[in-house]
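Side chains included, hydrogens not; waters and symmetry mates left out as well; all remaining heavy atoms used. By convention in this document, chain letters (A, B, ...) are assigned in the order of the sequence lines, proteins followed by strands, and residues within each chain are numbered from 1.
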Number of protein chains: 2
Amino acid sequence: MCLFTKHNEILTRALEEIKNRGFWTPYFEIPSSKVYGEGKKEEAINSFKSQLNNRYEIKGLDIDKYLGAEKSPYGFDLGITYPSIDADILVENSKEAMNQWKKLSLDERTGICLEILDRINKRSFEMANAVMHTTGQPYMMAFQAGGPHAQDRGLEALAYAYKQLSAIPSESIFEKPTGKDNPPIVVNKKLKLAPRGISLIITCSTFPTWNSYSALFASLVTGNSIIYKPHRNGILPIALTVDIAREVLEENGINPNLVSMIISDDRTQTQNLVKNKNVKIIDFTGSTSFGDWLEDNAPQANVYTEKAGVNCLIVDNYDNLKGMSRNISMALSLYSSQMCTAPQNIFIPKDGIISNGERVSFDEVASMIANSVEKLLSVDERAVEILGAIQNSDICKRVEKAADIGEIILKSKNIKHPMFENATIKTPVIVKVSAKDKEKYHNEHFGPIILLIETESREDSLKVWQETVELHGAITAGVYTSDEEYLEKVEDIAIEEKVNLSVNLTGHVLMNHSAAFTDFHATGDNKAANCALSNDNFVSGRYSVVTIKRDA
Amino acid sequence: MCLFTKHNEILTRALEEIKNRGFWTPYFEIPSSKVYGEGKKEEAINSFKSQLNNRYEIKGLDIDKYLGAEKSPYGFDLGITYPSIDADILVENSKEAMNQWKKLSLDERTGICLEILDRINKRSFEMANAVMHTTGQPYMMAFQAGGPHAQDRGLEALAYAYKQLSAIPSESIFEKPTGKDNPPIVVNKKLKLAPRGISLIITCSTFPTWNSYSALFASLVTGNSIIYKPHRNGILPIALTVDIAREVLEENGINPNLVSMIISDDRTQTQNLVKNKNVKIIDFTGSTSFGDWLEDNAPQANVYTEKAGVNCLIVDNYDNLKGMSRNISMALSLYSSQMCTAPQNIFIPKDGIISNGERVSFDEVASMIANSVEKLLSVDERAVEILGAIQNSDICKRVEKAADIGEIILKSKNIKHPMFENATIKTPVIVKVSAKDKEKYHNEHFGPIILLIETESREDSLKVWQETVELHGAITAGVYTSDEEYLEKVEDIAIEEKVNLSVNLTGHVLMNHSAAFTDFHATGDNKAANCALSNDNFVSGRYSVVTIKRDA
């Protein structure tokens, strides 16, 4: 059975669900042995252990240079090295593979991509360990965000690409009437897919698969070849991805160099690759400075970036403060706020708010939030499964210097991991800042550093929030208010500044959450990100159509 | 009846036809009084005459500065002046109008846009005169390309915009199961359209409406406001467009400042407008130098450009040389090659070609083409209806200096127009060039200057063609060959360089032709143009979606 037919059901459903945008996921998010196979979890751990301090071999690569020096945020060196191929060779190989790939039919390409996704899904336990020990995510998150949720994102982008391409006929007949007594003018047309070129995917250290699978599958379905450039401390999840993709390609008679990765210790090699005339698509998740550099220095390419933003949350007059504090404490603590969707700036009027008809002071609101965080993280064994480990030492330094930002409301404390004694685990630090001190909160303090910001008034909260987003962008925003008129103003600003908004969340859903098929990740129209995962715009710049016309 | 219902039939059909890409046009292309109304043609001429040497009043603009100094290429000054409003005021008015417009429903916006198109269509005779006497197009072309064909392009873009936006629900319910015994997690979502911002449309002097209606309707349907910046010698067709749009908007209770135009004698005002932070979309047709400047100097905006390209045609071994010469002669002569789709470089092997088993020398092929042009234009009364008038004096100078490029094969001659004695009308000049002299043909000689280029061989023709397109871009390409193997190579290059290709055209269809709903105008992926009219990519960057989520 051809792969397209094999996976047709999932594609058909995906094409519906990108239009519904309710809840749907085809890849099961629970690390269940019923779904993923008896003993698979343990096998995956053993497989991970056997990879440590070894070469990661990728089939079909005849190379003797191996590089890599990843460290697990859980406190040990991975010691894994990966094949390092010269950039110029990668580019030539990539072009050659693309020439074969682009000539396949849309259904052939799509079928192979769906098989790759399926194969990646089956190895979600392996991915969980790879993601956990490069990003520092707690195990459950590493399984979900690194595995099924990332796969959902890939499938979502695949569906958008398929939707667009399948609406373009491969042939058409132009038949123009020329009056009753004359024959029509007839021209035959062939419409040929032209992929844009090599698609370079530069991944980050925190969500290497989740943030890149949309690009991977959008680019592949539209006929491009892929070169991954993983973060130096996030290679393993990408190596596993590349390895699986190549395996499926090879099984189907496709040149596996269609999907490759560059591992280099030479910065200029990467920079040259970015500017290479054959690299026509670049997807990047990471720092604002490198994202801006990419946008300015690769004029030959379509550049899709997700950079830093400053996510804000407004606390206004609101009745359910208990529910609010519980929800915020989880939003702040999850993966130690190392998520591009986590709130950082929390605006609260200096005279406090009204809750159930009574005034609650700024300090009281601050205490409620701080107490909720303390309570949530009071048991170490539970805390480590929420916090994960700190991804890099810069974050630790920032946490330690948080007192420079403002008055400490809740101190960060170090936690011992029961299984990984050298893991770096820190609870969030909460700091109080005045809205007048813009230089303190007009930038991203990546990691578990939370700012409670005293504004002049409810109206001032709106003003300083809007200003922050306009100047610095944001992936998410949130508000707690029981005043529908106030909410209307907040919504208007969210639409004007193009930022997704969470309103009065007190249950399981956090403002951090972004799920494929329901949440567009970023809007693609403020300074934090120039694209959204995924929509028509994420896909439409990855190909063009060449028409060949000929008299009939 | 609401406007959406009134025009629903045409929209439904348009949505189908963008997927068929055969032949379809809803706006009748013949200047027929049966379709457009008895006496309308004469009325339009009288209306045009009454506009000459007068102010063009636009309703609702309280202004006392009027500017304009257009000259008809048919040899007289229009003497029409247009209201000139300060750029800053235009921007403020535009923003205010957009705030109302974006809150309408998709169907409301679409209905109003369809009504604007319909109203523009009804005034096609007026548009014909406006286009003829600013661009120099012959009357029939001015009617068709300036009228119904431009309207087709507008409708096509409208359909793509409607297709995308109508696939995004305005609300959704996220309902996630949490196991048999627990209630699901439910979150309500509102998905709000966020237009990108002010859409600045900078139009050209040759096809002001045809080249801008795609942008106009793509931007309007997606919620943006419009500021037109017409070419200083192409104001009248845009003024008419803006006037009609404002009339329809006002009738429907919409702030008419949603569609406005800037007329200024101060270059810095335009440059500041381009860089204005509220201008988030720029569409431009015109010179490479200004297009490149726009791409580099408006980082806040999505910039869509159609610039100069070098359109090439390969003459290979081919049997029907008579049909070929006739077709080429029309392609070269129509509107004096002042079309961005007209062929300029014609590559012919220096040793000639094989036709019906016999060798035909380079010079013989050249003569056949030259003779066809002479024959086509031998009767002045007919010639002027094909050639139109020369749009500007720079083109005349280039034609006069054509001998500097190479040996003249066919001289340009001046023709008297029977109705407009001061019109500038010139037949094409044909020049012979060696493929080695790249500096002679590696650029656009805009206007009726045709280069027959001697290549080393059939293979060399492919090489020099590919090199030209790779370096300088092209909107179109053509080939005449009876060798299917050779054709395959040509097609592969066309796909690689992303240029639309015409094969062996000998009938009524020319390689210049580009019709909405069947031809993508440009591919959007070579140096001549970064967008195509119209496809998903032309529309998808003009809006984003802001999601507002809230616990149910």
Side-chain angles (χ1 to χ4, degrees), chain A residues 18-23 102 163-164 167-169 172-178 185 187 189-194 196 280 295 299 491 494-496 498-509 515 518-520 523-525 532 535-537 539-541 543-551, chain B residues 18-23 102 163-164 167-169 172-178 185 187 189-194 196 280 295 299 491 494-496 498-509 515 518-520 523-525 532 535-537 539-541 543-551:
Chain A
I18 56 171
K19 286 191 283 185
N20 295 336
R21 304 212 73 86
F23 168 79
K102 73 179 181 186
K163 180 189 81 158
Q164 281 185 19
I168 302 165
S172 73
I173 299 172
F174 174 88
E175 187 166 343
K176 180 177 179 174
T178 57
I185 297 168
V187 176
K189 302 191 177 187
K190 293 192 283 188
L191 290 87
K192 295 284 192 178
L193 174 77
R196 200 158 280 258
K280 298 295 291 279
E295 289 173 18
E491 292 189 1
I495 295 166
E496 204 172 324
K498 287 83 173 262
V499 60
N500 292 323
L501 178 70
S502 293
V503 179
N504 300 346
L505 297 181
T506 55
H508 290 283
V509 172
T518 182
D519 298 306
F520 294 113
T523 64
D525 193 18
N535 56 17
D536 277 311
N537 198 41
V539 165
S540 64
Y543 65 93
S544 65
V545 172
V546 171
T547 307
I548 298 166
K549 66 182 177 188
R550 187 173 186 167
D551 284 340
Chain B
I18 57 172
K19 287 190 283 186
N20 294 337
R21 304 212 74 85
F23 167 79
K102 75 179 182 187
K163 181 189 81 159
Q164 281 185 19
I168 303 164
S172 73
I173 298 171
F174 174 89
E175 188 167 341
K176 181 177 179 173
T178 56
I185 297 169
V187 176
K189 302 192 177 185
K190 293 192 284 188
L191 290 86
K192 295 284 192 179
L193 173 77
R196 200 158 280 257
K280 298 296 292 281
E295 289 172 16
E491 292 188 0
I495 295 166
E496 204 173 325
K498 287 85 172 258
V499 61
N500 292 322
L501 178 70
S502 293
V503 179
N504 299 346
L505 297 181
T506 56
H508 291 282
V509 172
T518 182
D519 298 307
F520 294 113
T523 64
D525 193 18
N535 57 15
D536 277 312
N537 198 40
V539 165
S540 64
Y543 64 92
S544 65
V545 172
V546 171
T547 307
I548 298 166
K549 66 181 177 188
R550 188 173 184 166
D551 285 341

Trainee: Checking side-chain contact (heavy atoms from CB on, under 4.5 Å) for the pair Leu505(A)/Lys549(B): CA distance, chi angles, key distance, verdict?
Mentor: CA-CA 8 Å; Leu505(A) 297 181; Lys549(B) 66 181 177 188; 4.3 Å; yes
Trainee: Taking side chain as everything from C-beta outward and backbone as N, CA, C, O, which of these in Ile185(A) sits under 4.5 Å from a heavy atom of chain B? Side chain, backbone, both or neither.
Mentor: side chain
Trainee: At a heavy-atom distance under 4.5 Å, which candidate from His508(A), Lys19(A), Lys102(A), Arg196(A) has the highest pair count against chain B?
Mentor: Arg196(A)
Trainee: At a heavy-atom separation under 4.5 Å, does Thr178(A) approach chain B through its side chain, its backbone, both, or neither?
Mentor: neither
Trainee: To the nearest 0.5 Å, what is the distance between CG on Asn535(A) and CD1 on Ile18(A)?
Mentor: 10.0 Å
Trainee: Would you mind checking which part of Val545(B) comes under 4.5 Å of any heavy atom in chain A, side chain (CB onward), backbone (N, CA, C, O), both or neither?
Mentor: both
Trainee: Tell me, side chain or backbone of Leu193(B) under 4.5 Å from chain A's heavy atoms, or both, or neither?
Mentor: backbone
Trainee: Residues two or more places apart in sequence or in another chain: which of them pass side chain to side chain contact (heavy atoms under 4.5 Å, CB included) with Ser544(B)?
Mentor: Lys498(A), Thr523(A), Asp525(A), Ala194(B)
Trainee: Examine the side chains of Ser540(B) and Asp536(A) and answer whether a donor and an acceptor come within less than 3.5 Å of each other.
Mentor: no
Trainee: Who passes side chain to side chain contact (heavy atoms under 4.5 Å, CB included) against Thr518(B), sequence neighbours left out?
Mentor: Phe174(A), Lys189(A), Ala515(B)
Trainee: Evaluate whether atom CG of Leu191(A) has more than 12 neighbouring non-hydrogen atoms of other residues, nucleotides or ligands under 6.0 angstrom away.
Mentor: yes
Trainee: Check each atom of Asn20(A) against the heavy atoms of chain B and say whether the ones under 4.5 Å are side chain, backbone, both or neither.
Mentor: backbone
Trainee: At a heavy-atom distance under 4.5 Å, which candidate from Ala532(A), Ser502(A), Gly524(A) has the highest pair count against chain B?
Mentor: Ser502(A)
Trainee: Is chain A contacted by the side chain of Val539(B), its backbone, both, or neither, given a heavy-atom distance below 4.5 Å?
Mentor: neither
Trainee: Quick one: does Arg21(A)'s side chain have a donor or acceptor within less than 3.5 Å of a partner on Pro169(B)'s backbone?
Mentor: no
Trainee: Atom CD in Glu491(A), atom NZ in Lys190(B): separation rounded to 0.5 Å?
Mentor: 3.5 Å
Trainee: Quick one: of Lys192(A), Lys163(A), Glu175(A), Lys176(A), who has the most non-hydrogen atom pairs under 4.5 Å with chain B?
Mentor: Lys176(A)
Trainee: Which bit of Ala167(A) is near chain B, if near means a heavy-atom gap under 4.5 Å: side chain, backbone, both or neither?
Mentor: both
Trainee: Which atoms of Gln164(A) come close to chain B, meaning under 4.5 Å heavy atom to heavy atom: side chain ones, backbone ones, both, or neither?
Mentor: both
